[in-house]
Amino acid sequence: MLSIHFIRQNPDAVIQGLTKKHVENASEKVQQILKIDQSYRDNLILLEQKRSEMNKLSKSIGAEMSKGNKELAEQFKAQTSLMKKDIEVLEKNNEELQNELHQSIVALPNIPHESVPNGKTAEDNVTVYENQRSKEIFEGALPHWDIAKEKNMIDFETGAKIAGAGFPLYKGWGAKLQRALINFFLDKATAAGYIEMQPPILVNPDSAFATGQLPDKEGQMYYVHQDDFYLIPTAEVPITNIYRDMILEEKDLPIKNCGYTPCFRREAGSYGAHVRGLNRLHQFDKVEIVQITSPDKSYQALEEMVEHVKELMENLELPFRILALCGGDMSFASAKTYDFEVWSAAQKRWLEVSSVSNFETFQANRLKLRYRTGDKKTELLHTLNGSALALPRIVAGLLENHQQPNGSIYIPKALQSYLGIDKI
RNA sequence: GGGGAGGUGGCAGAGUGGUUUAAUGCGUCGGUCUUGAAAACCGAAGACCUGAAAGGGUCCGGGGGUUCGAAUCCCUCCCUCUCCGCCA
């Protein structure tokens, strides 16, 4: 969430940023927040004055009692009883105003970095890189769901029988390919200096709130009623929450973590041809990279993460492109996002396989994640994360782009040692 | 799931209703001393909110209550340790 201090000091920048993200009535919303904030502070000053008086008087009751001045003490008691009523009213106002303020700030998305392109929808995203691999494929090439079936690698029907649609069963080389990709991605992340974490994949509401899933994406997460847990939609949630409520030292930065987890998404309301096969699942596997940096280093870190993902894609020998998302297409919490898309040869369209974002202080503010600066002050850190990578559409890309006219599937060199074979 | 013990500053650990402004120790930082360091000695140091500042307020696991006043008493939830049960 945006910090109230920032909104107070830069109302125009906030309005501009929200407008760039295509938030409706941005100006009214910000003005409203400033108004509530002012009443909150006015009320707080009164409340604290009263409390101060009350504290003094209460203390003197103790002092008089110990001196034996019972009568005076009783007199003070009567006075404090009256003050207490005033304080109760002020406290109630305080609580209400604070809640109101919190609710309205929490509803605001992050504001975009100045370098984020203008635009409203995916149409307006800007391609910043596209590699030179051929997007052409031979006549009669198959979509991945046909290949997977033919090679007996993925069984969607049995997955549906066990759990439901969107829960595939990987079999044989399909299962081994999953394992190979996970290991490959983790090894590359480790080599790039990310410390591997294996976190819980159920999280409590505090964690889901801190990274911005609550309240914004409540309906997108699976929820375990009995114990009040959410199934993670991404490893970003548990890994970033490692650092909730922490004050780090500058020498500990940057923090670089990676982790493999399954991810769970309800994907409520999305149906149709585009969700066929591996295109959209309720459960999928992903290796995530997370960085926590000081504010002045975060955009450098973002580019570094993009380079890391780019190298993975090159290693997999896939045709891909990188998009800078426009203001309107970015997620709630993000200040800047790059998407990676793999070309689906058979479906003749781009599939998103990675999203790399800088959240600046948006998550850190909720996480209460700070660091001590050179002059001993505490300041919010910047959090970043990226998929490196999400498996299903990578598998789709591998099957479709690497299928050969003779029916075999070429395994890219980088994966051969993990899989132990050079074609399926 | 059942019983027991506990949750206090970076850590350890005192504190069972009124100068708690949370003792003490360790660790940290600064200083003295020293060629430098160690030791010793002296001193400093929390987070958050509010305020132009001085200052004020809040915080002893979370929430609620009793009281003029709560780390301290009551209720409730969470967590940790431990014994028993169950179990990969």
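Numbered from 1 within each chain, the chains take letters A, B, ... in sequence-line order.
- Remark: Glu379(A) does not engage Arg370(A) in a salt bridge, criterion side-chain N to carboxylate O under 4.0 Å.
- Across the P atoms, rG18(B) and rA71(B) are found 11 Å apart, a figure rounded to whole Å.
- Closest to the side chain of Asn55(A), out of rC48(B), rC49(B), rU58(B), is rU58(B).
- Following rounding to the nearest Å, Leu248(A) (CG) and rA47(B) (C1') show an atom-to-atom distance of 15 Å.
- In summary, Lys256(A) and Glu304(A) engage in a salt bridge, as defined by a charged side-chain N under 4.0 Å from a carboxylate O.
- Rounded to whole Å, the separation between the P atoms of rC75(B) and rG9(B) comes to 24 Å.
- Of the P atoms belonging to rU28(B) and rA38(B), the separation is 10 Å, rounded to the nearest Å.
- Cation-pi geometry between Arg366(A) and Phe209(A) is met: under 6.0 angstrom from the ring centre, within 45 degrees of the axis.
- Rounded to whole angstrom, the span from the CG atom of Asn365(A) across to the P atom of rA47(B) amounts to 17 Å.
- Rounded to whole Å, the P atom of rA39(B) lies 12 Å from the corresponding atom of rC29(B).
- Taking atom P on both nucleotides, rU76(B) is separated from rG85(B) by 29 Å, rounded to a whole Å.
- Nucleotides rG6(B) and rU20(B), compared at atom C1', are 23 Å apart to the nearest Å.
- The side chain of Arg370(A) lies closest to rA47(B), out of rG56(B), rA47(B), rU50(B).
- The residue among Ser58(A) and Met54(A) whose nearest nucleotide of RNA chain B is located toward the 5' end is Ser58(A).
- Between Arg41(A) and rC49(B) there is no side-chain polar atom (N or O) within less than 4.0 angstrom of OP1 or OP2.
- Closest to the Leu44(A) side chain, of the nucleotides rU58(B), rA47(B), rC49(B), is rC49(B).
- Atom CD1 in Ile247(A) sits roughly 8 Å away from atom C1' in rG46(B) (whole-Å rounding).
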Original post:
Under the salt bridge (Lys or Arg N to Asp or Glu O under 4.0 Å) criterion, do Glu311(A) and Lys188(A) qualify, and how do the steps go?
Top reply: CA-CA 9 Å; Glu311(A) 194 190 314; Lys188(A) 292 296 271 187; 2.9 Å; yes

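- A salt bridge links Asp155(A) and Lys171(A); the closest N-O separation between the charged side-chain nitrogens and carboxylate oxygens is under 4.0 Å.
- Atoms CG (Asn43(A)) and C1' (rG57(B)) sit 13 Å apart, rounded to a whole Å.
- Across the strands present, rU28(B) finds its partner in rA44(B); the criterion is a Watson-Crick or G-U wobble pair with both atom distances under 3.5 angstrom.
- Using a cut-off of 4.0 Å between Lys/Arg side-chain N and Asp/Glu carboxylate O, Lys286(A) and Glu288(A) are scored as salt-bridged.
- For the pair Lys310(A) and Ile322(A), the minimum side-chain heavy-atom distance is below 4.5 Å.
- Nucleotides rA22(B) and rC60(B) have their C1' atoms positioned 8 Å apart, rounded to a whole Å.
- Across all strands shown, rU72(B) forms no Watson-Crick or G-U wobble pair with both distances under 3.5 Å.
- Between Glu95(A) and Lys84(A), the residue anchored closer to the 5' end of RNA chain B is Glu95(A), taking for each the nucleotide with the nearest heavy atom.
- Atom-to-atom, CD1 of Ile45(A) to P of rU58(B) comes out at 15 Å; the value is rounded to the nearest Å.
- Look at Arg8(A) and you'll find a side-chain N or O under 4.0 angstrom from OP1 or OP2 of rU50(B).
- For rG46(B), the OP1/OP2 oxygens have no side-chain nitrogen or oxygen of Arg372(A) closer than 4.0 Å.
- Note: NZ (Lys377(A)) to P (rA45(B)) measures 15 Å, nearest angstrom.
- The distance from atom CD of Glu379(A) to atom C1' of rC48(B) is 16 Å, rounded to the nearest whole Å.
- Atom P of nucleotide rC68(B) and atom CD of Glu53(A) are separated by 18 Å, given to the nearest angstrom.
- Annotation: rC77(B) and rG2(B) have their P atoms spaced 12 Å apart (nearest Å).
- With a cut-off of 3.5 Å on both pairing distances, rU21(B) has no Watson-Crick or G-U wobble partner at all.
- In a base pair of the Watson-Crick type (N1 to N3 plus N6-O4 or O6-N4) or a G-U wobble (N1-O2 and O6-N3), with each distance short of 3.5 Å, rA5(B) is matched with rU80(B).
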